[in-house]
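These notes are about the structure you will find just below.
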Amino acid sequence: MSTFNVKEHPHRRYNPLTGDWVLVSPHRAARPWLGQRETPALAQVPTYDANCFLCPGNQRVNGDSNPRYQAPYVFTNDFAALQPDSPADSKNDDGLFVAASVQGTSRVLCYSPDHSLTMPELSVEQIQQVIGEWINQYRELSQHYQWVQIFENKGVINGCSNPHPHGQIWASSAIPTLPARTDAALRQYLAQHGRNLLVHYAQRELDDGARTVLENEHWLVVVPYWACWPFETLVLPKAHVTRMEALSPQQQLALADILKQLTIRYDNLFQCAFPYSMGWYGAPYTADYADASARCHWQLHGHFYPPLLRSATIKKFMVGYEMMAEAQRDMTPEQAAERLRQQSPIHYKAAKGGL
Ligand code: H2U
């Protein structure tokens, strides 16, 4: 038998942020490329849609009207999953029927008044405004809640109900399952290795480069070593920053720039408005983390989990083995990073004269 080589042999990779493993089957990716290659027609989305609940001046489902906003606009979700006045209580019946009430709020953040734009089509200044609003939301909601989840769910294939450029903000009194796992993993790594996991990881990725998609003065984007989704990426600051609010204006500007660059490359990959779920993790707002030294195991980071696999219409399904055993991928994270790196920095619509 030949010596183990991660480029050739089936293997499992460990995600130190979650404790999960992913099965990588690179020998399957070596088979000839039979996937679709056609280029979808340029979608014509109007700049204003009278039927859109998020466009400026329009009436929403609950009867409220949006103002004629010009900059990023936030409103409380009319179908909020979390509510501030949920009565505080919990129950535990035999360790089998366990429930705890949770208080919180859900908000919608419209990135732009223009219905037709997506993140890669916004200007760097407009993305900067979105980041500014994320920071405002963190500042306000952290006064009341332990966790503030900023996220964007983009694309019909991903279950997004509206193409108007928008994200969401859900804040809760409890730290949800996945960030709680990250918190514990970051803490344990520091205790065991005497280093901040993600600060160290970014340095190792910068030294290597095989999984780097993009970098600028303040940020690094990699397809993480343990990526589950085919073109999953992790956005990391180069400096140690535990929360988004601590970013300097220069770091915010550089973040806006790299988010635009990343989403342009995503769109160019299959020449479509590339769907994804994107979200940010920073140190939770628990009382014991009020002191910066108590949260030094944290590092701000952003996840992009795009579902597409082979074309604008063929997505990866996390089903079967993934549901029963663990995530699996064929193309290695290194191959995915290389494909993203090869994409043009010019958005395909602009290249076709459509922007
Ligand atoms: P998604 O497209 O990512 O599902 O986000 C749209 C959100 O906007 C969704 O959570 C809310 C939905 O509840 N919404 C309102 O709050 N008011 C409306 O009039 C329509 C949509």
Side-chain angles (χ1 to χ4, degrees), residues 43 45-69 71-86 102-122 126-127 129-131 133-134 136-138 140-141 144-145 147-174 176-179 229 232-233 235 259 262-263 266-267 272-281 302-308 312-313 315-316 318:
V45 180
T47 56
Y48 168 77
D49 179 348
N51 296 315
C52 170
F53 296 113
L54 305 185
C55 273
N58 288 3
Q59 202 174 56
R60 299 205 306 273
V61 171
N62 72 347
D64 287 354
S65 289
N66 299 322
R68 297 195 178 277
Y69 63 91
Y73 164 62
V74 180
F75 66 90
T76 299
N77 197 310
D78 300 315
F79 308 94
L82 290 147
Q83 293 176 341
D85 48 7
S86 175
V102 60
Q103 294 72 41
T105 188
S106 308
R107 295 177 177 174
V108 178
L109 163 60
C110 301
Y111 294 167
S112 157
D114 188 330
H115 182 81
S116 69
L117 300 178
T118 59
M119 192 174 284
E121 298 159 297
L122 297 176
Q126 286 169 317
I127 301 176
Q129 289 182 345
V130 172
I131 295 167
E133 194 49 52
W134 287 344
N136 292 341
Q137 294 294 315
Y138 276 127
E140 181 197 331
L141 292 167
H144 310 283
Y145 302 111
W147 186 253
V148 180
Q149 184 60 61
I150 285 176
F151 67 97
E152 178 185 348
N153 193 33
K154 180 182 165 192
V156 175
I157 202 167
N158 229 15
C160 179
S161 62
N162 190 324
H164 194 106
H166 71 283
Q168 299 196 41
I169 303 136
W170 292 22
S172 55
S173 54
T177 311
L178 301 180
W229 294 96
E232 177 177 333
T233 53
V235 183
L259 289 178
L262 174 62
T263 51
Y266 271 152
D267 275 16
C272 67
F274 200 78
Y276 55 73
S277 279
M278 176 266 296
W280 285 94
Y281 282 28
H303 294 290
F304 278 80
Y305 298 139
L308 293 184
T313 52
K315 71 182 243 181
K316 165 151 187 79
M318 287 283 186

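Atoms within each ligand, like the ligands themselves, are counted from 1 in listed order.
- Taking the six-membered ring where the residue is Trp, the centroids of F274 and Y276 are separated by 6.0 Å or more.
- For the pair D49/N58, no side-chain contact is recorded, criterion being any heavy-atom separation below 4.5 Å from C-beta on.
- At a threshold of 4.5 Å between non-hydrogen side-chain atoms, the residues L82 and Y145 do not count as touching.
- Listed by atom number, the atoms of ligand 1 under 4.0 Å from N162 heavy atoms are 2 (O).
- Across L109, V108, N158, heavy-atom proximity to atom 8 (O) of ligand 1 is greatest for V108.
- Remark: ligand 1 atoms within the under-4.0 Å shell around heavy atoms of F79 are 13 (O).
- Looking only at side-chain heavy atoms (C-beta outward), T263 and L259 stay at 4.5 Å or farther from each other.
- Taking 4.5 Å as the limit, every side-chain heavy atom of L308 sits out of range of all side-chain heavy atoms of Y266.
- Ligand 1 does not have K154 within reach: every non-hydrogen atom of the residue lies 4.0 Å or more from it.
- When only modelled atom types and interatomic distance are considered, E133 and Q137 share a side-chain donor-acceptor pair under 3.5 Å.
- Residue contact check for ligand 1: Q59 places no non-hydrogen atom closer than 4.0 Å to it.
- Taking the six-membered ring for Trp, F151 and W134 have ring centres at least 6.0 Å apart.
- For atom 18 (C) of ligand 1, the closest non-hydrogen atom on the protein side is D78 OD2, 3.5 Å.
- Listed by atom number, the atoms of ligand 1 under 4.0 Å from V61 heavy atoms are 18 (C), 19 (O), 20 (C).
- What sits closest to atom 6 (C) of ligand 1 on the protein, heavy atoms only, is H166 NE2, 3.5 Å.
- Distance from atom 4 (O) of ligand 1 to its nearest protein heavy atom, with residue and atom name: S161 OG, 3.4 Å.
- With hydrogens left out, the protein atom closest to atom 13 (O) of ligand 1 is N77 OD1, 2.7 Å, a heavy atom.
- Note that atom 21 (C) of ligand 1 has no protein non-hydrogen atoms nearby, at separations under 4.0 angstrom.
- Inspection of the N158 and N153 side chains reveals an N or O donor paired with an N or O acceptor under 3.5 Å.
- Every atom of ligand 1 with a heavy atom of F75 under 4.0 Å away is listed here by number and element: 15 (C), 16 (O).
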